[in-house]
Amino acid sequence: MTTMKTIEACAILAALFAIAPAAGASGEFTYQANGLDWDEVAELCGTGMAQSPIDIVSANAVPASAQKGNRGLTTFDFAPGTDIVIENTGHGLNTMFDVTDLSAVIETPEGPQSLEPLQFHWHSPSEHSIDGVIYPMEVHLVTKTNVTGDLAVVGMMYKYGSENALLNKLWPSEADDFAFRIKGEDSAAEEAYLHEKGAKTETGATIDVMKELLPASKDYFAYRGSLTTPPCSEGVYWHVLKTPLEASVDQVLNFQNVLAETSAGVRTNNRSPTPVNGREIVSFPN
Ligand SMILES: *[C@@H]1O[C@H](CO)[C@@H](O)[C@H](O)[C@H]1NC(C)=O
Ligand SMILES: [Zn+2]
């Protein structure tokens, strides 16, 4: 009897360890397979039918006035952010900030709801693609609706071009506490800035979300999708802005250099695209 129990216990323990092989304990995940193994961390990541990111085929996007669904207009009107804190989450950099007013509004079936900004963070390369085009970097401004508590994300692409002023402010490459390893070079420990998981910095900066983060043209593609990280929860109101921002090659490299390696010399934190499964993509001028 005792022997039997021991064998059972061993089998249970073996099964428990088998559940989370590469992923590690307690819902931790990596970008080793760019999300293709996340069903081991959260089942929905493998079984969800309305996941993100997706490739947006602009020719298939339906003008808002002709849509079959009920996606309402979002009016982007974010107040400036203060008390900015940037944290290395181990999967990228989260930028937290406080806002005074909630002025952006999304029209939902439950009525107009204010969007409360929670944080923004970057992925490289981009997670969404537009007409098959993958961009070097994408930023996600994550917000929560004030009545139903749904997440609404504003995603923007960066193409290679001029140095991005906001990124320069948040990742000060010329500051004494030199921000990032340039082009993969290791930096001295005292110069390391935001390299380690859990590292945080208060920049003291303020940010004009409308002018510094969002592009001048606010036209966007809208669809319902999911978090692009485990637990891959669905019901997220996605906005993917049509006009890309610009960032310099060095800025993109500097960001990639704080990420963990996914294979020798490759540092990425993008989830692979997921199937559209017939979802309607709505095109909004705004
Ligand atoms: C939520 O936001 C809407 C739109 O701004 C506003 O009319 C409503 O009063 C807000 N509701 C709550 C509970 O704050
Ligand atoms: Zn994201």
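Index from 1, following the sequence. In listed order, ligands and their atoms are each counted from 1.
For the 3.5 Å distance criterion, the side chains of Gln51 and Thr274 fail to qualify, holding no donor opposite an acceptor. Side chains of Asp55 and Ser129: a donor on one and an acceptor on the other come within 3.5 Å. No hydrogens or angles considered: a donor-acceptor pair under 3.5 Å links the side chains of Tyr223 and Ser52. Side-chain polar atoms of Lys218 and Thr74 form no donor-acceptor pair below 3.5 angstrom. With 3.5 Å as the limit, one finds a donor-acceptor pair spanning the side chains of Ser58 and Asp131. For Thr148 and Asp150, the side-chain atoms include at least one donor-acceptor pair closer than 3.5 Å.
Counting only protein atoms, the N, O or S atoms lying less than 2.8 Å from the Zn ion (ligand 2) are His121 NE2, His123 NE2, His140 ND1, ordered by chain and residue number.
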Dump all N/O pairs between ligand 1 and the protein below 3.5 Å as a table: atom names plus distance, one pair per row.
unit_1: ligand 1; atom_1: 2 (O); unit_2: Ser114; atom_2: N; d: 3.2
unit_1: ligand 1; atom_1: 2 (O); unit_2: Ser114; atom_2: OG; d: 3.1
unit_1: ligand 1; atom_1: 2 (O); unit_2: Asn146; atom_2: OD1; d: 3.2
unit_1: ligand 1; atom_1: 2 (O); unit_2: Asn146; atom_2: ND2; d: 2.4
unit_1: ligand 1; atom_1: 5 (O); unit_2: Ser114; atom_2: OG; d: 2.7
unit_1: ligand 1; atom_1: 11 (N); unit_2: Asn146; atom_2: ND2; d: 2.9
unit_1: ligand 1; atom_1: 14 (O); unit_2: Asn146; atom_2: ND2; d: 3.1

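Residues passing the side-chain contact (heavy atoms from CB on, under 4.5 Å) test with Glu43 are Thr47, sequence neighbours excluded. Applying the side-chain hydrogen bond (donor to acceptor under 3.5 Å, both in side chains) test to Asn270 and every residue at least two apart in sequence or in another chain returns Asn34.
When atom types are taken as modelled, the side chain of Gln251 and the backbone of Asn164 share a donor-acceptor pair closer than 3.5 angstrom.
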